[in-house]
Amino acid sequence: MTAIDDIALQAERARIRRTKIDRVLIVVCTFIGFLAVWEIAGRLSNPLFFAPVSDVVREFWLSLLDPRGRLLNGLVETLSVLVPGFVIASVLGVALGVLMGRSNLGFQILDPYVTIFYNTPRVALIPLLLLWIGVGDPLKIVIVILAAIFPVSVNTMVGIRDVSAQFTEPARSMNATESQLLRKVILPATFPYVVAGIKLGLGRALTTVIVAEFFVSVSGLGGILQATSSSYQMAKMFAPVIILAAMGVAIDGLLTYLERSVLRRYRS
Amino acid sequence: MTTSLAHAAAREAAARRYVKRRNLAIRTGSIALLFLAWEIGGMFTPRIFLAPFHDTVLAFWKLTKDGTLLTATANSLSVLLAGLAISVVFGALLGLLMGRYLRFNWMIGPYVNGLYATPTVALLPVLSLWLGLYAGPKIAIVVLLAIFPIIKNTYAGVITVGQELLEPAVSMRASEFQIARLVIAPAIIPFVMAGLRLSVGRGIVGLVVGEFFTAQTGLGGLLVRYASSFRTAEMFVPIIVLVAAGYGLTSLVVLLQQRLAPWKETERDQGL
């Protein structure tokens, strides 16, 4: 009996292993094919419009070694508005969400604004804010806040309402005060919703900060993109694109991991 | 007994009506406060920073009457709708293939996920070099922002089409095409629509960015033109139209979702 089970188990394991190998092979082959097409297309086309991948990699490497560090400075400049803006947006967004989720008056007052701003394409506000705030870092920080705050607050509000409906009565029956209820029960249980909101908000913030840098076009990764593309330096132009893609994927992966581990903790 | 029950029900209904009316009053008051602040703020700040609210209303009327606004809106909407249509067709197709064929998913999946997480507006300069300055790059950037939620949602829809739907079809020797058309397509419509709902907002961002940085046409073009000439009263007009368009299109998709798939409320907002 056990011997048969063992054989079946081994066969199953071998099958899974083969599928895994298949998968890795396919992913690697597709990637190599992608790079090959890029390389050939780059060599065949006018260097003003496209660059082969080997040139892009070389330029990327050179700009990392560059003693003036334009690329790294650009990255630091972008991060230096993205991070503080995003922290402020998260804190304010959660506070707004709690207010709207727990108080009917708060909800009725704030909901019209949240609906309007949630539907406003945030990049459309850049020209207006440019007039009001000027071209410096404060502009970008404000724009990051505006881009990220509404997904965070809407998700927090939805979470608080869902969670409140489940947990308010049991906690009340054990004589919990409002602050105990909020701190010990509702906020921890809302955390998965907040993380989902932060994920969405960070994506929006990244897009919006790039557009703002296109406008101001002297600093950050967006500025480098604008400068290199308007002078037709194709190989150089792809370096910030690669960094931005890597940033997006890293943020997304990190938050998805956080989301999953939080959810797993609540399930068990 | 019955009268007291009727009384209680009537009292309940009255109380509910009261709460409803009070909530509406609070919301109206809250929004009215914004416009009041805008009006008063506009009176006391230099016009190059903020014009009072009634000036924007007048500007809205004037731009509607001379046709500027209509032309710009038509221009923007045609780009947006073209981009969204392309996104729905190709997004649903890619999602379908990814869900049905594991190997295809392995090939394409990493790029779809990667580009979904990338701020694709970064590709606008190169798109503009390749496709020129007019509708081409704008439609392309709308597609690059709008297609990924549709792909991901369709994919999620296809892989959740249960075996209980597929097995009978297979046992009756349905061809792959018949399965796709008769079993999977109806089952994934709600998912495609849920993806489209997310795509509308992203598409509008792409549209505006495209109109800012390639040839300045449409509502985004109007916005930049008025902003750079400090005509703040006019500047709010395209912003208002864009907000209304976003809200209207999203509501339309929700309505369509209910009409096309009334049997199912499931929606999976991947990466909400």
Side-chain angles (χ1 to χ4, degrees), chain A residues 22-23 26-27 30-31 34 48-50 104-105 108-113 115-116 119-128 130-132 151 155 196-197 199-200 203-204 206-211 214-215 221-222 225-226 228-230 232 234 237-238 240-241 244-245 247-249 251-253, chain B residues 19 22-31 34 48-50 102-103 106-111 113-126 128-130 145 201 204-205 207-209 212-213 219-220 223-224 226-228 230 232 235-236 238-239 242-244 246-247 250 271-272:
Chain A
D22 249 24
R23 178 173 188 168
I26 287 179
V27 170
T30 317
F31 188 62
F34 169 67
L48 289 181
F49 295 114
F50 200 45
N104 178 51
L105 186 68
Q108 301 298 347
I109 291 178
L110 293 172
D111 181 58
Y113 293 96
T115 308
I116 291 176
N119 281 296
T120 306
R122 51 273 181 205
V123 290
L125 296 176
I126 295 176
L128 176 68
L130 207 60
L131 278 184
W132 287 352
N155 266 35
K199 194 166 135 189
L200 186 62
R204 287 185 163 203
L206 201 55
T207 295
T208 315
V209 85
I210 300 305
V211 177
F214 278 172
F215 253 105
L221 293 173
L225 262 173
Q226 190 79 319
T228 48
S229 72
S230 57
Y232 296 92
M234 282 296 113
M237 200 207 69
F238 278 102
V241 174
L244 284 169
M247 256 165 91
V249 171
I251 290 170
D252 190 66
Chain B
V19 168
R22 196 192 56 188
N23 283 347
L24 189 68
I26 298 173
R27 296 169 83 90
T28 319
S30 170
I31 278 291
L34 172 75
I48 58 164
F49 292 125
L50 183 66
L102 196 57
R103 276 153 209 268
W106 289 341
M107 284 167 68
I108 301 293
Y111 304 96
N113 288 325
L115 278 172
Y116 193 7
T118 303
T120 39
V121 290
L123 293 172
L124 185 65
V126 69
S128 163
L129 283 179
W130 290 346
L145 275 156
I204 291 182
V205 169
L207 170 77
V208 174
V209 175
F212 280 174
F213 297 109
L219 293 166
L223 180 51
V224 178
Y226 292 135
S228 54
F230 299 100
T232 46
M235 189 178 68
F236 279 100
I239 296 183
L242 282 168
V243 176
Y247 189 74
T250 310
L272 177 93

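Predicted, not measured: the structure shown is a model, and the values here were computed from it. Every chain is numbered from 1 and lettered A, B, ... according to where its sequence line falls, protein lines coming before strand lines.
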Contact summary for [X] and [Y], nearest pair of heavy atoms:
X      : Y      : value
A/A124 : B/L242 : CB-CD1, 4.1 Å
B/W106 : A/I26  : CE3-CD1, 3.6 Å
A/W132 : B/F49  : NE1-O, 2.6 Å
B/S30  : A/I109 : OG-O, 2.7 Å
A/F238 : B/V126 : CZ-CG2, 4.5 Å

Quiz item: Is the number of heavy atoms from other residues, nucleotides or ligands under 6.0 Å of A/Y113 OH greater than 12?
Solution: yes
Is it the side chain or the backbone of [X] that comes within 4.5 Å of chain B heavy atoms, both, or neither?
X      : result
A/M247 : neither
A/L128 : both
A/F34  : side chain
A/N104 : side chain
A/T208 : neither

Quiz item: What pairs with B/F213 under ring-ring contact (aromatic ring centres under 6.0 Å, His included), at least two apart in sequence or on another chain?
Solution: A/F214, A/F215
Quiz prompt | Partners meeting ring-ring contact (aromatic ring centres under 6.0 Å, His included) with B/F236 (sequence neighbours left out) | solution = B/W38
For the [atom1] atom of [X] and the [atom2] atom of [Y], what is their distance to the nearest 0.5 Å?
X      : Y      : atom1 : atom2 : answer
A/I116 : B/I31  : CD1   : CD1   : 4.0 Å
B/L123 : A/M237 : CG    : CE    : 7.0 Å
B/L223 : A/L125 : CG    : CG    : 8.5 Å
A/I210 : B/L124 : CD1   : CG    : 12.0 Å
A/I126 : B/F212 : CD1   : CZ    : 6.5 Å

Checking [X] against chain A: side chain, backbone, both or neither under 4.5 Å from a heavy atom?
X      : result
B/M235 : side chain
B/I239 : side chain
B/T232 : side chain

Quiz item: Counting heavy-atom pairs under 4.5 Å to chain A, which of B/L50, B/I204, B/V243 comes out on top?
Solution: B/V243
Exercise. Could you tell me which of A/D252, A/V241, A/D111 has the largest number of non-hydrogen atom pairs under 4.5 Å with chain B?
Key: A/D111
Quiz item: Pick from A/V27, A/V211, A/I251: which one has the most heavy-atom pairs with chain B under 4.5 Å?
Solution: A/V211
Quiz prompt | pair A/D22-B/R103: side-chain heavy atoms closer than 4.5 Å | solution = yes
Self-check item: Whether A/Y232 side chain and B/L129 backbone form a donor-acceptor pair below 3.5 Å
Solution: no
